[in-house]
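For this chain, numbers begin at 1 and follow the sequence in order.
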Amino acid sequence: AIKDSMLDETACDNFKEIFNKGLSDVDIDVKVSSLKATTMFLNSLQSEEIIMKFTSLTDKMIATLIDALKHDNETKDTKASGKTALETLNVILDSHPKFWKGKSDMIIDIVCQIVKGKTFTNSIREIALELVYSLAKNVPGAVKKSNNFKNIFIPLMFELLLEVDNIDNIPAWEKQVEEDEVDLDDIFYGVRDGFERLSIDLGGKFFMEATSGFINKYLTSQNWVEIHAAFT
């Protein structure tokens, strides 16, 4: 275990060089392993002052996430390095939110791109959404000021609420639900809970202002799926 007292300026520079080298490697497994090592190292520290000395690594950490997801998509790799990178990034984002100061808009934009990517599994898309939920919980002020949150993320959340079994025939719909063993894993359920978490962490007044336009629009729709989304 690394103690804060062991990290003078030289030691910090040495560790940064090691992590930077690993995060820049051409081998995706090395990059993801380096991301995990960086996260474990930072989580072992107590001093916020020392932790902030490593913020120069944030861009490489985010780049590793993107590369891991691209790698999984292109190779159909079953090792799911993208999922590991997402989970790892969420750990450090949840435990040290100030480490990501100034990166909220970038993170929200990346999450939106992942969630829009229909080639990703619902599991990957939901883990990506957790990054934004962590931001909202830990740095609500930054999320409230984010244009990407208001203009891209909120509209996307409403789109995700429309991802339900859209069959305009009750018996047929009930039959499909019964036959669909992973129905409760549909992204709709995760997004429904996400709305609740965001409204609590960001405050009801702000969240109603951000969502009321969509709610009013969907309530007056002739499409039952959109009406259902508005009531949700």
Side-chain angles (χ1 to χ4, degrees), residues 1-75 77-115 117 120-121 123-143 146 148:
I2 301 295
K3 296 181 180 180
D4 293 11
S5 58
M6 300 166 59
L7 295 172
D8 57 17
E9 204 67 38
T10 301
C12 286
D13 288 342
N14 289 339
F15 274 109
K16 275 191 285 187
E17 185 179 350
I18 292 170
F19 295 139
N20 191 53
K21 184 177 180 181
L23 292 168
S24 304
D25 200 277
V26 294
D27 189 310
I28 192 61
D29 291 333
V30 173
K31 295 180 77 163
V32 173
S33 294
S34 297
L35 179 62
K36 292 171 68 176
T38 305
T39 300
M40 291 175 64
F41 171 81
L42 292 172
N43 276 342
S44 71
L45 303 178
Q46 301 298 318
S47 169
E48 187 174 285
E49 181 182 351
I50 294 178
I51 290 168
M52 296 303 286
K53 290 181 178 181
F54 291 85
T55 53
S56 59
L57 296 172
T58 53
D59 287 342
K60 286 282 179 68
M61 294 169 76
I62 292 172
T64 293
L65 166 65
I66 296 171
D67 288 346
L69 289 167
K70 284 182 179 177
H71 173 268
D72 288 356
N73 242 1
E74 293 170 358
T75 64
D77 197 332
T78 57
K79 288 187 287 186
S81 55
K83 181 179 180 181
T84 300
L86 272 171
E87 292 172 337
T88 302
L89 211 60
N90 194 47
V91 168
I92 187 66
L93 193 145
D94 191 44
S95 58
H96 297 301
K98 290 184 179 179
F99 182 72
W100 302 96
K101 186 178 180 180
K103 301 293 181 180
S104 296
D105 249 13
M106 179 191 293
I107 291 172
I108 292 170
D109 179 55
I110 291 169
V111 167
C112 290
Q113 291 182 48
I114 295 170
V115 174
F120 294 117
T121 65
S123 175
I124 289 290
R125 296 166 80 200
E126 288 198 49
I127 296 172
L129 290 173
E130 285 292 332
L131 296 181
V132 180
Y133 302 153
S134 291
L135 283 174
K137 181 179 74 172
N138 295 297
V139 285
V143 174
S146 169
N148 283 345

Checking the side chain of [X] only, and the main-chain atoms of [Y] only, is there a donor and an acceptor separated by less than 3.5 Å?
X	Y	value
Thr38	Ser34	yes
Asp72	Gly82	yes
His71	Ile28	no

Q) Any side-chain donor paired with an acceptor under 3.5 Å for Ser81 and Asp29? A) no

(Q) Can you confirm whether more than 12 heavy atoms, excluding those of Met40, are under 6.0 Å from its CE atom? (A) no

Q.
Around atom NZ of Lys53, are there more than 12 heavy atoms from other residues, nucleotides or ligands closer than 6.0 Å?
A. yes

Compare every heavy atom of [Y] with every heavy atom of [X], then report the nearest pair and how far apart it is.
X	Y	value
Leu7	Cys12	CB-SG, 3.9 Å
Ile62	Met106	CD1-SD, 3.5 Å
Leu86	Ala128	CD2-CA, 4.0 Å
Phe120	Arg125	O-CD, 3.7 Å
Leu135	Leu93	N-CD2, 3.6 Å
Pro140	Asn138	CD-C, 3.4 Å

Could you state the interatomic distance from [atom1] ([X]) to [atom2] ([Y]), rounded to the nearest 0.5 Å?
X	Y	atom1	atom2	value
Thr39	Leu89	OG1	CG	7.0 Å
Phe99	Leu57	CZ	CG	5.5 Å
Thr64	Leu23	OG1	CG	4.5 Å
Asn20	Lys60	CG	NZ	3.5 Å
Ile50	Phe15	CD1	CZ	11.0 Å
Asn14	Glu9	CG	CD	11.0 Å

(Q) Between Lys70 and Asp67 (salt bridge meaning N to carboxylate O under 4.0 Å), is one present in this structure? (A) no

Q: Flag the pair Asp59 and Lys103 as a salt bridge only when some basic side-chain nitrogen lies within less than 4.0 angstrom of an acidic carboxylate oxygen.
A: yes

Q: Among residues two or more places apart or on two chains, list those pairs meeting salt bridge (Lys or Arg N to Asp or Glu O under 4.0 Å) that have a residue in residues 85-94.
A: Asp94-Lys137

[Y] side chain reached by [X] side chain, heavy atoms, under 4.5 Å:
X	Y	answer
Ile110	Leu131	no
Trp100	Met61	yes
Ile127	Asn90	no
Lys98	Thr55	no

